[in-house]
Amino acid sequence: MDRHLFSDESKVDGFRFAGAVIDGDDLHRVRREVLDWRVGESRRWHTSKERPEARERALRRLVRLAGPVEIVIVEHAKTHPEFLAREACVEALARWASAHGVTRWVLEQDGPVQFRDRQTIAALMHTGQIRRMTYRHEAPLAEPLLWIADFAAWLWTKGGDYRASIEPLVVHHEVVVEPDIAHAA
């Protein structure tokens, strides 16, 4: 069975990646549900720009997707420059994804860092540290399942009741220190 990972990051109070893991058989149904998060004529969902009542409605719907949707959180204290924090998070998420049967990974498009993301993932595959998987960067408008990762990253970053609300969906949480690629055999 294909498992797909959709990830986005938050750069507030540290650096973290949230990933939504969805089995291939559930993609169509979950995508249809997520498209209903949009308000009015909006073409996409962006958590930080949504009204509180829209976020509450989306949260209720997300929690009902527990099972078909699993959330993975990888974070870094950002004591390093941002690019190193991101690289450490991408590496850790790639390792988790490989160990848990992810075959396709979609990262939210972020122009300046895409090349480095691809280098990190390719190096891990080339050295046999992770299994081969398909990966690409995509704009949130083109892939609504990235909206789940955006929302999860926002909720986790907010903390308190927001974080507690998605904890039932979180299957993995990891705090990383630095990229490990250079240290691997």
Side-chain angles (χ1 to χ4, degrees), residues 1-39 44-79 82 85-86 88-108 110 130 133 140 143-178 180:
M1 178 184 309
D2 282 345
R3 295 191 86 202
H4 298 248
L5 172 63
F6 301 87
S7 65
D8 191 11
E9 85 281 343
S10 170
K11 302 170 190 170
V12 177
D13 295 330
F15 191 95
R16 74 200 35 81
F17 259 88
V21 182
I22 305 167
D23 288 335
D25 294 343
D26 293 319
L27 289 175
H28 181 70
R29 182 174 64 85
V30 173
R31 190 176 283 118
R32 197 172 52 241
E33 174 72 28
V34 170
L35 283 166
D36 284 342
W37 292 3
R38 295 176 296 185
V39 178
R44 71 162 283 202
W45 170 271
H46 193 266
T47 307
S48 64
K49 294 185 168 103
E50 303 300 334
R51 302 181 119 194
E53 54 273 10
R55 286 195 295 262
E56 285 298 319
R57 183 173 59 91
L59 179 57
R60 285 191 304 274
R61 295 177 115 180
L62 176 59
V63 169
R64 283 197 313 258
L65 290 170
V69 175
E70 298 175 336
I71 302 295
V72 177
I73 306 288
V74 176
E75 55 187 330
H76 189 285
K78 201 165 149 180
T79 55
E82 186 176 297
R86 182 182 181 97
C89 289
V90 167
E91 179 186 329
L93 196 50
R95 290 178 188 280
W96 184 91
S98 176
H100 291 87
V102 169
T103 55
R104 295 182 182 170
W105 183 6
V106 179
L107 298 93
E108 186 178 62
D110 188 353
I130 65 170
M133 69 179 79
E143 180 46 83
L145 294 173
L146 288 166
W147 306 350
I148 298 172
D150 173 71
F151 198 18
W154 186 89
L155 290 162
W156 195 265
T157 300
K158 282 291 198 186
D161 289 342
Y162 292 106
R163 182 178 292 182
S165 68
I166 62 158
E167 282 180 347
L169 284 85
V170 176
V171 296
H172 179 73
H173 172 238
E174 179 178 352
V175 178
V176 295
V177 179
E178 63 184 48
D180 196 37

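Only a predicted model underlies this, so the values are computations on that prediction, with no experimental measurement involved.
Judged by distance alone, with hydrogens and angles left aside, the side-chain atoms of R44 form no donor-acceptor pair with the main-chain N or O of P144 at under 3.5 Å. The closest donor-acceptor contact from the side chain of D8 to the backbone of A149 lies at 3.5 Å or more, if one exists at all. Without hydrogens or angle criteria, S165 side chain to Y162 main chain gives a donor-acceptor distance under 3.5 Å. Between the side chain of E56 and the main chain of P52, no donor-acceptor pair closer than 3.5 Å is present.
At least one side-chain heavy atom of M133 sits less than 4.5 Å from a side-chain heavy atom of S98. Contact check for W45 versus L146: no side-chain heavy atoms found under the 4.5 Å cut-off. Side-chain atoms of I73 and F17, non-hydrogen and from C-beta on, never get closer than 4.5 Å to each other.
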Review point. Does the side-chain contact (heavy atoms from CB on, under 4.5 Å) test come out yes or no for V171 and V21, once each step is laid out?
Key: CA-CA 10 Å; V171 296; V21 182; 5.7 Å; no
Practice item. Evaluate the salt bridge (charged side-chain N to carboxylate O under 4.0 Å, His left out) criterion for residues R163 and E167: first the C-alpha distance (whole Å), next the side-chain angles of each, then the deciding distance (0.1 Å), finally the verdict. Key: CA-CA 6 Å; R163 182 178 292 182; E167 282 180 347; 5.4 Å; no
**Study point:** Check against side-chain contact (heavy atoms from CB on, under 4.5 Å), E75 and F15
**Key:** CA-CA 6 Å; E75 55 187 330; F15 191 95; over 6 Å; no
Exercise for review: Could you give me the CA-CA distance, side-chain angles and deciding distance for R32 and V34, then say whether side-chain contact (heavy atoms from CB on, under 4.5 Å) is met?
Suggested key: CA-CA 6 Å; R32 197 172 52 241; V34 170; over 6 Å; no
Point to revise | Check against side-chain contact (heavy atoms from CB on, under 4.5 Å), L5 and L107 | key: CA-CA 8 Å; L5 172 63; L107 298 93; over 6 Å; no
Exercise for review: Show your working on salt bridge (charged side-chain N to carboxylate O under 4.0 Å, His left out) between D110 and K11 and close with a plain yes or no.
Suggested key: CA-CA 12 Å; D110 188 353; K11 302 170 190 170; 3.5 Å; yes
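Atoms NE2 and CG, from H4 and D26 in turn, are 10.0 Å apart once rounded to the nearest 0.5 Å. Note that CG of D2 is 13.0 Å distant from CD1 of I22, once rounded to the nearest 0.5 Å. Taken to the nearest 0.5 Å, the CD atom of E50 stands 9.0 Å off from the NE2 atom of H46.
The shortest heavy-atom contact between R38 and L35 is NE-O, 3.0 Å. The two residues V176 and A92 come nearest to each other via the heavy atoms CG1-CB, 3.4 Å. Minimum interatomic distance between P68 and R29 (heavy atoms only, all atoms of both residues): CG-NH2, 3.0 Å. Of all heavy-atom pairs between A88 and H76, the closest is CB-CD2, 3.9 Å. A pairwise comparison of heavy atoms in L169 and V63 identifies CD1-CA, 4.0 Å as the closest pair. Across A164 and P168, no two heavy atoms sit closer than the pair O-CD, 3.6 Å.
Here the options are L155, L59, D150, the test is side chain to side chain contact (heavy atoms under 4.5 Å, CB included), and the partner is T47; only D150 passes. For the side chain to side chain contact (heavy atoms under 4.5 Å, CB included) criterion with R16, the lone passing option out of T157, V74, V175 is T157.
Taking the six-membered ring where the residue is Trp, W156 and H173 present tilted rings, their angle falling between 30° and 60°. In this pair, W96 and H100 present their aromatic rings parallel. The plane angle is below 30°, not in the 30 to 60° band.
Aromatic rings from W105 and F6 are positioned such that their centres are separated by 6.0 Å or more.
Under a 4.0 Å N-O distance rule, the pair R3/E70 qualifies as a salt bridge. Of the charged side-chain nitrogens involved, none lies within less than 4.0 Å of a carboxylate oxygen, so that D36 and R31 do not count as a salt-bridged pair.
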